[in-house]
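What follows is a single structure, written as structure tokens, with notes after it.
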Amino acid sequence: MTDGLGPAWVALCVALAIHVADEALTDFLSVYNPAVRSIRARFPFLPLPTVTFRVWLGGLIAVTVLLFALSSAAFRGEPGMRPAAYVFGLVMAGNGLLHLVGSVYMRKAMPGVYSAPLILGAALYLLASLP
Amino acid sequence: MTKWMVTTAIGTISVALLIAVPALHGAAGLLVLAGTAVQMYAVARM
């Protein structure tokens, strides 16, 4: 039932790892933190946090390692992996699209746009692999 | 120069993914192709 989930899950984990490296190398927080401050100034009720580079990168590495660790469950076709794959695929597809739309809107390459097509493709692959 | 090397590398991987994965041989693939085109446009404007 979930034969194709394993390779697609690993592909999206690899794409996420590349994307995190891309964002770290292109100073993603120099865009994210000012954007969050601007949004909070306009909508104070939104609980959006600003983060330091160490906390941000540490958190993303931890999440990426955890997602890689779930690969064996994806290959086994564990029932819980189906909703997890939906969430992972939808969030990452949205992530990739946001980088692309943001770059067009700002008329310059935003941090993370290098790997955006890759993470978008891998996310669609995972979503398409779901039964 | 570096920006184009990175863009070409990612673009190549994206296209390889498109060709290798049958699930991307449709509308989803077109979306990825469009995304790659947008990425190259954004990098070109840097």
Side-chain angles (χ1 to χ4, degrees), chain A residues 2-27 31 85 89-90 92-131, chain B:
Chain A
T2 52
D3 290 344
L5 203 57
W9 182 275
V10 172
L12 187 51
C13 287
V14 171
L16 175 60
I18 292 171
H19 187 63
V20 170
D22 178 11
E23 287 185 333
L25 291 169
T26 52
D27 200 13
V31 172
L90 286 173
M92 289 303 130
N95 184 6
L97 286 172
L98 268 178
H99 283 280
L100 294 165
V101 171
S103 293
V104 171
Y105 183 73
M106 299 298 287
R107 292 183 159 266
K108 65 174 183 174
M110 302 303 284
V113 78
Y114 282 129
S115 54
L118 185 62
I119 205 161
L120 176 60
L124 293 174
Y125 174 24
L126 180 61
L127 290 172
S129 299
L130 285 162
Chain B
M1 187 65 178
T2 306
K3 70 178 187 179
W4 285 112
M5 288 169 67
V6 175
T7 306
T8 305
I10 293 289
T12 304
I13 298 170
S14 298
V15 172
L17 192 66
L18 278 177
I19 295 168
V21 178
L24 296 177
H25 291 174
L30 286 177
L31 185 59
V32 176
L33 271 181
T36 306
V38 168
Q39 178 225 40
M40 296 185 84
Y41 164 78
V43 170
R45 290 189 62 94
M46 277 172 76

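As the structure is a computational prediction, the values presented were derived from the model and not from experiment. So you know, we letter chains A, B, ... as the sequences are listed, proteins then strands, and number each from 1.
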Relative to chain A, which segment of B:V21 carries a heavy atom at a distance below 4.5 Å: side chain, backbone, both, or neither? side chain
For B:Q39 and A:S115, which heavy atoms make the closest approach, and how far apart are they? NE2-N, 4.3 Å
Residues B:G35 and A:P117: closest non-hydrogen pair is O-CG, 3.8 Å
Looking at chain B, which one of A:L118, A:V104, A:V101 has the largest number of heavy-atom pairs inside 4.5 Å, strictly under? A:L118
Find the one option among A:H99, A:R107, A:K108 whose heavy-atom pairs under 4.5 Å with chain B are most numerous. A:R107
Part of B:L31 within contact of chain A (heavy atom distance under 4.5 Å): both
For B:V43 and A:Y114 the tightest heavy-atom approach is CG2-CE2, 3.7 Å
Contact part of A:I18 toward chain B, heavy-atom cut-off under 4.5 Å: side chain, backbone, both or neither? side chain
Taking all non-hydrogen atoms of both residues, which atom of A:L124 and which atom of B:L24 are closest, and how far apart? CB-CD2, 3.8 Å
If you tally heavy-atom pairs under 4.5 Å between each of A:V113, A:T26, A:L97 and chain B, the highest tally belongs to A:V113
